[in-house]
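Here, residue 1 is the first one in the sequence, and each next residue gets the next number. All of these numbers come straight from a predicted model, not from anything done at the bench.
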Amino acid sequence: MQGDSRHTQDVNLHIITQGYSNGEEVEVLIKTSNDKFNLQGKINNNEAILYDIFKDRYIAIGEVEVYV
């Protein structure tokens with residue numbers, strides 16, 4: 001992607017889990033080339049969905065790392 005794109009604003013992160021109970025929280029660390037931040041989500045049926053993870057953030061095009 002080059003420049004602004006709606007795809008950089010509406011990226012959702014789906015985390016599939018095993019052994020977690022509904023309502024438990026998971027935390028992820030997102031690292032980009034110019035920023036790092038933590039997000040939390042609640043488990044529902046072995047999945048946590050984090051919506052719009054880059055909303056209101058400037059993300060330089062490059063590599064994105066996710067740590068759970």
Please answer whether the main-chain N or O of [Y] pairs with a side-chain N or O of [X] as donor and acceptor at a distance below 3.5 Å.
{"X": "Thr32", "Y": "Asp35", "result": "yes"}
{"X": "Asn12", "Y": "Asp52", "result": "yes"}
{"X": "Asn46", "Y": "Gln18", "result": "no"}

Spacing of CD belonging to Glu25 relative to CG belonging to Leu39, to within rounding of 0.5 Å =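 Those atoms lie 11.5 Å apart.
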Evaluate the side-chain proximity of Ile30 to Leu13: yes if any heavy-atom separation is below 4.5 Å, no if none is.
->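 Yes, side chains in contact.
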Flag the pair Asn44 / Lys42 as yes when at least one side-chain heavy-atom distance between them is below 4.5 Å, and no otherwise.
->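 Counting from C-beta outward, Asn44 and Lys42 never come under 4.5 Å.
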Quick check: closest heavy atoms across [X] and [Y], and the distance to 0.1 Å?
{"X": "Gly41", "Y": "Ala48", "result": "C-CB, 4.3 Å"}
{"X": "Ser21", "Y": "Ile43", "result": "O-CB, 3.7 Å"}
{"X": "Leu50", "Y": "Gln40", "result": "CD2-O, 3.2 Å"}
{"X": "Thr17", "Y": "Glu47", "result": "OG1-N, 4.0 Å"}
{"X": "Lys36", "Y": "Leu29", "result": "CB-CD1, 4.3 Å"}

Can you list the other members of the hydrophobic cluster that holds Ile16, where links are side-chain heavy atoms under 4.5 angstrom apart?
->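 Members alongside Ile16: none; it stands by itself.
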Connected via hydrophobic side-chain network under 4.5 Å: Ile15 and Phe37 =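 Same hydrophobic cluster.
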